[in-house]
Amino acid sequence: MVLNLTEKLITPMYVFTNVWKSACARGGSSKIYVPKGTFYLGGVEFVGPCKNQIEFVIDGTLLAPSNPRDIKQDTWINFRYINNLYISGTGTLDGQGKQSWPLNDCHKNTNCPKLAMNRWDNITQQQNGTLNFFSVHHFNITGVTVTAPGDSPNTDGIKFGFCSNIRISNTNIGTGDDCIAILSGTSNMDISNVKCGPGHGISVGSLGKNKGEKDVNGINST
């Protein structure tokens, strides 16, 4: 199964979701391919469980709406409830975060707007932050570059919560906040050859603030 887009900046979102549904339902393995070019993509969810292994290859640029209010959900790109997912390629996820950073006044405004993110659940580029992993187990991140200006607010590079058995290697992260943020319930993480800056480095953050938080353990960085 191959997704071969040819119309730049006007690709309907249903093209992505329809091909995903077809690939997810097939037996055997499937590949979804986004070729070179720039493709506008609103908020989208890729949801399992799937019957097979899926490889999602991105060689083009996926471009979020410049107005964050045009994303009608909490996430921009969300993968959920999927086993055996491989995401690769030479492409870019461009969240156009610069347009939404002025809206991020949560440190002083309890009614601040939620901004969309990229998220992987059981498997997010974020306009306020970048890649978020929640309840994801047994996975590798390698050869990834995450960038945001040093003065961008609260733009964590990669954030983990309730994840386990993670390996991060050969990755460059430069953002306005933590390069890697490790939250409650995360265990068995190996970090090697990660270049960080600008940013606040690798952090285990905010534990003890909320009831029911789980330990963080087994973190190794070289």
Side-chain angles (χ1 to χ4, degrees), residues 34 55-62 64 75-79 82-98 100-101 104 115-209 213-222:
V34 181
E55 184 178 3
F56 204 121
V57 182
I58 304 172
D59 282 341
T61 295
L62 300 182
T75 56
W76 173 33
I77 300 174
N78 190 350
F79 290 90
I82 305 162
N83 292 323
N84 299 317
L85 174 66
Y86 297 84
I87 300 176
S88 63
T90 60
T92 300
L93 305 183
D94 186 350
Q96 299 213 72
K98 184 177 181 180
S100 62
W101 293 330
N104 182 7
L115 303 177
M117 65 184 70
N118 280 338
R119 179 162 170 157
W120 282 257
D121 287 312
N122 280 14
I123 62 148
T124 151
Q125 175 108 4
Q126 176 179 334
Q127 292 185 319
N128 175 33
T130 312
L131 299 175
N132 280 5
F133 293 83
F134 179 80
S135 193
V136 186
H137 308 282
H138 300 282
F139 65 102
N140 298 330
I141 299 171
T142 187
V144 173
T145 297
V146 180
T147 60
D151 60 354
S152 56
N154 197 33
T155 49
D156 292 331
I158 309 178
K159 184 181 292 184
F160 302 90
F162 291 93
C163 296
S164 68
N165 300 300
I166 311 128
R167 177 173 293 176
I168 309 171
S169 62
N170 304 318
T171 289
N172 299 312
I173 305 172
T175 61
D177 207 320
D178 299 328
C179 291
I180 298 174
I182 305 167
L183 306 183
S184 172
T186 298
S187 62
N188 298 330
M189 174 182 290
D190 186 84
I191 303 169
S192 63
N193 196 26
V194 172
K195 295 180 180 179
C196 177
H200 301 165
I202 299 170
S203 71
V204 178
S206 303
L207 296 182
K209 179 179 179 181
E213 289 181 329
K214 303 298 183 182
D215 291 345
V216 169
N217 58 72
I219 309 300
N220 180 54
S221 178
T222 57

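For the single chain, residues carry numbers from 1 onward in sequence order.
Put simply, the side chain of F160 reaches to within 4.5 Å of the side chain of I180, judged on heavy atoms. No side-chain heavy atom of I141 sits under 4.5 Å from any side-chain heavy atom of L131. By the 4.5 Å heavy-atom criterion applied to side chains, H137 and S135 are counted as neighbours.
Note that the CD1 atom of I158 and the CD1 atom of I168 stand 5.0 Å from one another [nearest 0.5 Å]. The structure places CG of N78 at 11.5 Å from CZ of F134, a figure rounded to the nearest 0.5 Å. We find the CZ-CG distance between F133 and L183 to be 13.0 Å, quoted to the nearest 0.5 Å. Residue N165 holds its CG atom at 11.0 Å from CG of D190, rounded to the nearest 0.5 Å. With rounding to the nearest 0.5 angstrom, the CD1 atom of I219 is 6.5 Å from the CD1 atom of I191.
Taking each heavy atom of I166 and S187 in turn, the nearest pair found is CD1-O, 4.1 Å. In terms of heavy atoms, S88 sits closest to E55 at OG-OE2, 3.6 Å. The shortest non-hydrogen separation linking I202 to S221 is CD1-OG, 3.9 Å. The nearest pair of heavy atoms linking C179 to P198 is SG-O, 4.2 Å. In terms of heavy-atom proximity, T186 sits nearest to F162 at OG1-N, 3.5 Å. Between F79 and L85, the closest heavy-atom pair is CD2-CD2, 3.6 Å.
A donor-acceptor contact closer than 3.5 angstrom links the side chains of S169 and T142.
No donor-acceptor pair under 3.5 Å is formed between the side chain of N170 and the backbone N or O of G143. A donor-acceptor pair under 3.5 Å is absent between the side-chain atoms of T155 and the main chain of T175, judged by distance alone. A donor-acceptor pair under 3.5 Å is absent between the side-chain atoms of N188 and the main chain of S164, judged by distance alone.
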